[in-house]
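Note on naming: letters A, B, ... go to the chains in the order of the sequence lines (proteins, then strands), and numbering restarts at 1 for each one.
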Amino acid sequence: MAMRAAISKAASAAVAPRGFRALLFSTERTSPLFTPPQPPAQNQTPPPAEPSNNLFVSGLSKRTTTEGLRTAFEKFGKVTDAKVVTDRTSGYSKGFGFVKYETLEEAAAGIKGMDGQFLDGWVIFAEYARPRSPPPPPQNSFGNGYSNTSFQGRRPY
DNA sequence: CGTGAGCGT
């Protein structure tokens, strides 16, 4: 006859076993032995915070040269080395350079003095540079204590 | 092409 929507609400599963909350929601938030999952560490480009007297200056104008860079940074400290990276293939500037101060304090002064400033119409950014190249141990392919550089002189014998 | 992020011939 009349169809009745018999929605049988089997809500008989409301019987929660006791003790589950104590197991799943362990309120032990003060577990000293708990090791939190550590995200992949920043392998190589963390925020600039490496202590070094070498400075990496970016944002340089293409017309800015090594002398201009050194001159601009020598106002804040003794610049022992300054170089604007230029391509050897063409010789044009890549737009960034390196400024090495004598001490770390001068480097910091140079950063705080030139970072965000204008140079040749471009805003430059000065920060600590990273170690350029890892120290390659001089190992010859012989390993017997002899290096091939010692045989450059031809023996008449 | 000097073009616009970056780490050195």
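Here Leu55(A) lies out of heavy-atom contact (under 4.0 Å) with every strand. At a threshold of 4.0 angstrom between heavy atoms, the contacts of Ser61(A) include nucleobase atoms, whether or not backbone atoms are also involved. Nucleic acid contact class of Gly59(A) (heavy atoms, under 4.0 Å, all strands): base.
A donor N or O paired with an acceptor N or O is not found under 3.5 Å between the base of dG8(B) and the side-chain atoms of Asp87(A).
Residue order along DNA chain B, read from the 5' end via each residue's closest nucleotide, puts Ser93(A) first among Asp81(A) and Ser93(A).
Which of dG6(B), dT9(B), dC7(B) sits closest to the side chain of Ser58(A) comes down to dG6(B). Side-chain proximity of Lys62(A) to dC7(B), dG4(B), dT9(B): nearest is dG4(B). The nucleotide whose nearest atom lies closest to any side-chain atom of Phe56(A) is, among dG4(B), dC7(B), dG8(B), dC7(B). Distance from the side chain of Trp122(A) is smallest for dG4(B) among the nucleotides dC7(B), dT9(B), dG4(B).
No donor-acceptor distance shorter than 3.5 angstrom exists from the side chain of Thr86(A) to the backbone of Gly91(A), with no hydrogens or angles considered.
Remark: Arg130(A) is in phosphate contact with dC7(B), judged by side-chain N or O atoms under 4.0 Å from OP1 or OP2. For Lys94(A) and dT9(B), the shortest distance from a side-chain N or O to OP1 or OP2 is below 4.0 Å.
Spacing between atom NZ of Lys83(A) and atom P of dC7(B) amounts to 16 Å, rounded to whole angstrom units. Protein atom CD1 of Ile111(A) is 16 Å distant from nucleotide atom P of dC7(B), rounded to whole Å. Here dG8(B) presents its P atom at 16 Å from CZ of Arg88(A), a figure rounded to the nearest Å.
Looking at heavy atoms from C-beta onward, Val57(A) lies in side-chain contact with Phe73(A) at the 4.5 angstrom threshold.
Using modelled atom types and a 3.5 Å distance limit, the side chains of Asn54(A) and Ser52(A) yield no donor-acceptor pair.
Considering Thr80(A), Leu55(A), Asp81(A) in turn, Leu55(A) is the only one that fulfils the side-chain contact (heavy atoms from CB on, under 4.5 Å) rule with Tyr101(A).
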